[in-house]
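Notes follow once the structure below has been shown.
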Amino acid sequence: MSLKVIVLAKQVPDTNEVKIDPVKNTLIREGVPSILNHDDANALEEALKIKDSHPDTHITVITMGPPQAKDLLIECLAMGADEGVLVSDRALGGSDTWATSNALAAAVEKVGEFDILFAGRQAIDGDTAQVGPQVAEKLGLPQVTYVREFEIDGKDITVKRALEDGYEVIKLQTPCVLTTIKELNTPRYMSVGGIYDAVKADIPTWGAKELEIDLSTVGLDASPTNVYRSFTPAPKAKGVMIEKDTVEENAEALLALLKEKYIIA
Amino acid sequence: MAVVVIEEKCKGCKLCIKACPFDAIDMVGKHAVINEKCTACSQCIAACPFDAIIKTESEQEAADLTEYKDVWVFAEQRAGKLMNVSLELLGEGSKLAAEIGERDVCALLIGDDVDHLIPELYAYGANKVYLISDPLLKNYTTDGYAKVMTDAINEYKPEIVLYGATHIGRDLAPRVAARLNTGLTADCTRLDVSTGRYVEYLNKSTTLNTEGMEADADNKNLKQTRPAFGGNIMATILCPRTRPQMSTVRPGVMSMLDKDETKKGELITVAHKLSAGDIRTEVVEVVKAAKELVSLTDAEIICSGGRGLGDPEGFKLIAELAEAVGGVVGSSRAAVDAGWIDHSHQVGQTGTTVKPKIYFACGISGAIQHLAGMQTSDLIVAINKDEEAPIFEVADYGIVGDLYQVVPAIIKEWNRVRDDHNK
């Protein structure tokens with residue numbers, strides 16, 4: 001079984017590391033590392049697992065972003081992907097999910113026919129979970145989101161799709177788009193040999209011209225949504241610290257305060 | 001539309017670079033230059049002391065949007081039961097319909113043999129119910145639901161469509177948005193049509209300068225506010241040129257109307273052209289987890305534990321506290337990622353948004369993504385060893401100390417106060 005697998009991945013700032021300047025109420029982003037988005041690492045890992053059992057599987061990772069997103073592709077190649085493509089062009093800057101999916105769908109079509117496209121469910125900087133389904137729509141393919149278990153037998157795919165209170169078992173056929181969550185697998189580390197080869201790999205950059213894409217469908221101006229205002233929520237007034245001498249006295253003081261507020265009997 | 005730096009005004013102070021969440025500003029020579037990572041979020045405009053950064057509006061002509069009317073809510077049902085978030089959205093939809101004026105709030109009900117849900121939709125505020133019924137729609141499938149929903153939107157032209165940000169809503173909405181070539185804003189926590197109400201909110205809850213915004217009073221676009229950048233900032237999104245304007249909304253954020261069973265509405269049965277061949281996925285079975293559903297959104301008291309517990313055993317103590325105070329157990333993302341407790345307990349940006357009467361945060365440092373999901377609680381009690389922990393910034397009452405000593409003392413004291421009261 002020789003499979004062609006495409007993985008969509010995104011380089012994101014590690015938003016868990018971001019802090020707010022308590023005085024100026026602004027973001028402190030110095031020292032915040034750029035990382036491979038968590039759900040996308042699960043997408044790549046699932047593709048690599050297919051390759052583990054079917055070595056003639058070919059994995060292409062596509063990312064869209066600024067030129068430095070090439071680092072992410074090197075990381076993916078070092079984990080075991082065969083090929084990386086960087087979609088990057090100033091004309092694509094400021095794209096919302098609709099415009100982003102136009103560019104990514106064009107890149108997928110340029111890569112050519114494939115069996116499975118894996119994408120992370122959502123990226124931690126935007127948390128929209130929209131690009132995967134929107135790429136599937138632009139490509140006219142069936143999708144399953146929130147995939148937590150995956151099996152393939154020829155053209156037949158069986159997945160478990162996570163729900164809030166359980167899961168669904170879903171069958172479908174290749175080609176298709178699947179979005180992945182962390183319950184699906186544990187991403188592997190880069191290998192030393194992989195890193196050695198990856199830094200020497202030839203990674204093409206495709207812009208709007210290479211993608212032959214209509215410029216009225218990508219970028220900030222083409223995006224149906226735009227940012228009207230953005231702000232940091234005002235911090236709440238600082239509360240009361242309870243600082244009695246003993247643990248028991250602290251508990252007593254807390255309960256007295258809760259009682260005062262009629263929150264408890 | 002783009003954000004640009006006026007070179008003559010830029011003094012090279014780099015304040016905008018610090019303010020930018022997206023690393024989208026570089027210094028080129030002595031001036032700041034916006035690069036392609038810019039999302040036009042406008043943080044830099046507010047940060048610039050020299051008014052050297054501006055947003056240029058594009059001059060694209062808007063299409064005629066006047067034929068789009070009414071507010072639709074996707075009435076999500078599973079196995080013949082409505083999801084609470086859909087009822088919450090009917091409440092929010094009623095508010096928005098009133099803000100636009102002379103509009104109906106309508107429920108779009110899709111399924112098989114779901115007529116029994118119609119009175120409930122009226123009772124929670126729907127003026128109209130659009131019903132699409134077929135055996136092929138018994139289980140949710142992306143292909144089936146996206147097709148009938150897109151066709152119905154094209155036929156009836158709603159101005160606004162709201163979905164619950166559930167695993168189904170977040171699967172369906174982007175697909176529908178892409179097919180209609182319209183915008184979609186994910187996981188909204190606030191919606192406004194009225195600019196006046198929106199400005200009121202900004203003045204009350206944010207530090208944003210709203211001077212001059214009254215001039216925008218005629219802007220009747222839906223202002224869709226959501227956490228962005230991992231919950232570190234809030235962004236308000238517009239979809240000005242295309243219709244419908246579509247949002248997904250987190251469960252537990254909006255308020256239901258009081259149920260009024262005397263309310264009646266209009267039923268519109270929608271014809272559809274769905275055939276079995278349109279549906280390319282087969283739902284073999286739907287399995288409900290055996291585990292009890294943790295209803296964090298309904299809880300009046302939540303007791304959460306985080307990395308400060310030290311090990312999974314710590315959740316036994318949290319469960320004892322929850323039992324004593326009549327609450328449910330929540331957790332931070334760190335504790336879930338460590339495998340100490342199931343994801344269904346997670347409070348925060350990537351978990352559940354909660355606003356209980358009391359929130360106990362035990363051994364939770366207060367990562368922004370956690371705060372985003374709980375800081376609107378009526379009252380927050382934080383217990384942490386580290387007096388510098390950010391959780392104390394949002395706590396109403398804070399106790400610095402070892403939670404393994406403090407929490408048992410609180411349990412004891414709580415029981416004593418309650419017993420006193422019952423005497």
Side-chain angles (χ1 to χ4, degrees), chain A residues 15-16 18 25-27 29 66 90 93-94 98 101 124-125 127-130 133-134 137-138 142-146 162-172 220-221 224-236 238-242 247-248 250-252 254-255 257 263-265, chain B residues 1-2 19 21 36-43 58 142 167 170-171 174-175 178-179 182-186 205-208 223 229-230 232-239 242 280-289 293 358 367 393-399 405-406 409-410 413 417-418 421:
Chain A
T15 51
N16 282 325
V18 177
N25 203 30
T26 52
L27 288 173
R29 56 159 304 125
R90 284 212 69 135
W98 180 84
S101 63
I124 59 172
D125 57 345
D127 285 314
T128 70
Q130 286 169 197
Q134 297 197 322
E137 174 66 22
K138 304 284 159 70
Q143 75 188 39
V144 180
T145 52
Y146 291 87
L163 292 172
E164 289 86 343
D165 57 351
Y167 62 88
E168 298 172 304
V169 180
I170 295 176
K171 283 187 188 294
L172 73 168
L220 196 60
D221 282 345
T225 63
N226 57 55
V227 179
Y228 180 54
R229 289 288 187 282
S230 75
F231 48 88
T232 319
K236 245 172 90 168
K238 184 130 169 112
V240 177
M241 294 303 282
I242 302 171
V247 169
E248 288 73 24
N250 275 339
E252 211 173 298
L254 171 66
L255 268 283
L257 285 164
I263 284 178
I264 57 166
Chain B
M1 190 189 61
E36 68 277 11
K37 289 192 202 169
C38 177
T39 66
C41 83
S42 312
Q43 292 276 311
S58 67
T142 313
H167 289 203
R170 296 174 103 230
D171 185 89
R175 194 89 196 199
R179 200 167 297 178
T182 191
L184 173 67
T185 306
S205 320
T206 78
T207 52
L208 195 71
K223 293 148 202 87
F229 200 62
N232 294 296
I233 58 174
M234 302 294 286
T236 302
I237 312 290
L238 298 185
C239 176
T242 54
R280 293 167 290 180
T281 56
E282 179 199 348
V283 179
V284 182
E285 62 174 327
V286 181
V287 181
K288 278 225 169 196
L293 236 184
I358 311 182
E393 297 291 327
V394 302
D396 295 277
Y397 302 125
I399 299 178
Q405 291 176 10
V406 178
I410 293 174
E413 185 64 14
V417 170
R418 191 187 44 207
H421 179 77

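Hydrogens, waters and symmetry mates play no part in the numbers below; they use all other heavy atoms, side chains included. So you know, we letter chains A, B, ... as the sequences are listed, proteins then strands, and number each from 1.
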Open item on the list: Are the side chains of Phe231(A) and Thr236(B) in contact, using a 4.5 Å heavy-atom criterion?
Closed with: yes
Open item on the list: Using a 3.5 Å distance criterion without hydrogens, assess whether the side chain of Glu164(A) forms a donor-acceptor pair with backbone atoms of His167(B).
Closed with: yes
Open item on the list: If you compare all heavy atoms of Gln134(A) against all heavy atoms of Pro174(B), which two are closest, and at what distance to 0.1 Å?
Closed with: NE2-O, 3.1 Å
Open item on the list: Under the criterion side chain to side chain contact (heavy atoms under 4.5 Å, CB included), I'd like the reasoning laid out for Leu257(A) against Asp396(B): C-alpha separation, chi angles, the key distance, then a yes or no.
Closed with: CA-CA 10 Å; Leu257(A) 285 164; Asp396(B) 295 277; over 6 Å; no
Task: Donor-acceptor contact below 3.5 Å, side chain Glu285(B) vs main chain Val169(A) - done: no
Task: Heavy-atom check, side chain of Val406(B) versus side chain of Leu254(A), under 4.5 Å - done: no
Task: Under-4.0 Å salt bridge between Glu137(A) and Arg175(B) - done: yes
TODO: Search all heavy atoms of Asp171(B) against all heavy atoms of Pro133(A) and return the closest pair with its distance.
DONE: O-CB, 4.3 Å
- [ ] Give, for atom CD of Gln130(A) and atom OG1 of Thr185(B), the distance between the pair rounded to the nearest 0.5 Å.
- [x] 7.0 Å
Open item on the list: A side-chain contact here means heavy atoms from C-beta on lying under 4.5 Å apart; do Arg280(B) and Leu172(A) qualify?
Closed with: no
Open item on the list: Out of Ile170(A), Val240(A), Thr145(A), Val144(A), return the one with the most heavy atom pairs under 4.5 angstrom to chain B.
Closed with: Val240(A)
- [ ] Work out which heavy atom in Ala129(A) is nearest to a heavy atom in Arg170(B); give both atom names and the distance.
- [x] CB-NH1, 3.6 Å
Task: Residue selection (most heavy-atom pairs with chain B, distance under 4.5 Å) from Glu168(A), Lys138(A), Met241(A) - done: Met241(A)
- [ ] Considering only heavy atoms and a distance below 4.5 Å, find which of Ile410(B), Leu238(B), Thr182(B), Thr142(B) pairs most often with chain A.
- [x] Leu238(B)
Open item on the list: Can you confirm whether Leu184(B) sits close enough to Thr225(A) that some side-chain heavy atom of one is under 4.5 Å from a side-chain heavy atom of the other?
Closed with: no
Open item on the list: I need the residue from Pro142(A), Gly93(A), Gly94(A), Ala251(A) with the largest number of non-hydrogen atom pairs under 4.5 Å to chain B.
Closed with: Pro142(A)
- [ ] Please look at Thr128(A) and chain B and tell me whether the side chain, the backbone, both or neither of the residue comes under 4.5 angstrom of a heavy atom of that chain.
- [x] both
Open item on the list: I'd like to verify something: which residue of Gly183(B), Cys38(B), Ala409(B), Gly398(B) has the highest number of heavy-atom pairs under 4.5 Å with chain A?
Closed with: Gly398(B)
